[in-house]
Amino acid sequence: MKWSIMVGVAALSLVGGKILAQPAAAPLDVRQIMQQHTNPATLAIWDVGNNAMGDEGGIDPALMDQEKWDRLAASATQLAEAGRAMGAGTSFIAAAADNSTVGEGEITMAQVQTHLDGDPAKFRELGEALAAHSDKLAAAARAKDAPAAGELIAAMDTVCEDCHARFWYPE
Ligand code: HEC
């Protein structure tokens, strides 16, 4: 089984770089951080993981090299920064006014805004959970610990899903 994006959204192109520093009081744009940081970093992690997957799943260290471990560590660090930015947000907007379009039948950004306004503390907590998980993955990549890295990559979609199921498309 390939690790894949569970959110059903087309892959966005890889964008490097750090999250732009914002004044403390500026609301955090959730869609922007998903599109520009969280998703590209996750796609890069899955790319390394899928290309080094062993017969039994997990990561086969023989299929890894220094460049791949470095890429995994860098992407996990980028993902941790995105999680920390969400964890540190004082207020949140679902999306910018000029980036609020959704497909037919999809949850609107106005609905997402209602979810965010309902429990920002929980949102911060789930952002911190993403940061903690990603920090562990970055550490495993730096230590070239294939079993740990494989397990952390496999569990990543649950960390995404925990927040999406609550703040994006709750039942
Ligand atoms: C702390 C909460 C939270 C976490 C953790 C989280 N997301 Fe999201 N994500 C959201 C919310 C809220 C939305 C809905 C707003 C939107 O559609 O952009 C969203 C939307 C998205 C979208 C759709 C973006 C778009 O074009 O509208 C993608 C892709 C995505 N997330 C990827 C991920 C991935 C991959 C992870 C895990 C590595 C993740 N998210 C973790 C809150 C989170």
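Indexing begins at 1, ligand by ligand and atom by atom, following the structure's order. The first residue in the sequence is number 1, and the count goes up from there. Side-chain atoms are counted along with the backbone in the values below, which use heavy atoms only and exclude waters and symmetry mates.
The two atoms that bring Ser134 and Leu79 nearest to each other are OG-CG, 3.5 Å, heavy atoms only.
Between the side chain of Asn50 and the main chain of Trp46, a donor-acceptor pair closer than 3.5 Å is present. Between the Thr38 side chain and the Ile33 main chain, a donor and an acceptor come within less than 3.5 Å of each other.
Comment: Glu67 engages Arg71 in a salt bridge, judged by a side-chain N to carboxylate O separation of less than 4.0 angstrom.
Counting only residues at least two apart or in different chains, side chain to side chain donor-acceptor pair (under 3.5 Å) contacts with residues 54-63 are absent.
Distances between N or O atoms of His164 and those of ligand 1 include at least one value under 3.5 Å. Here's the thing with Gln35: one of its N/O atoms is less than 3.5 angstrom from an N/O atom of ligand 1.
Those atoms of ligand 1 that come under 4.0 Å of a heavy atom in Leu126, given as number and element, are 1 (C), 5 (C). Taking every non-hydrogen atom of Gly127 and a distance limit under 4.0 Å, the qualifying atoms of ligand 1 come out as 1 (C). Atoms of ligand 1 found under 4.0 Å from any heavy atom of Val30, numbered from 1 in the order shown, are 10 (C), 11 (C), 12 (C). Of all the atoms in ligand 1, the ones that sit under 4.0 Å from a non-hydrogen atom of Thr42 are 35 (C), 38 (C).
In this model, a donor atom of one side chain and an acceptor atom of the other lie less than 3.5 Å apart for Gln113 and Asp117.
Residue His115 does not touch ligand 1, judged by heavy-atom distances below 4.0 Å.
Among the atoms of Met34, an N, O or S atom falls under 2.8 Å from atom 8 (Fe) of ligand 1. Among the backbone and side-chain atoms of Cys163, none of the N, O or S atoms lies under 2.8 Å from atom 8 (Fe) of ligand 1.
Using 4.0 Å as the threshold, Arg124 has no heavy atom nearer than that to any atom of ligand 1.
Ring geometry for Tyr169 versus His164: interplanar angle of 30 to 60°, hence tilted.
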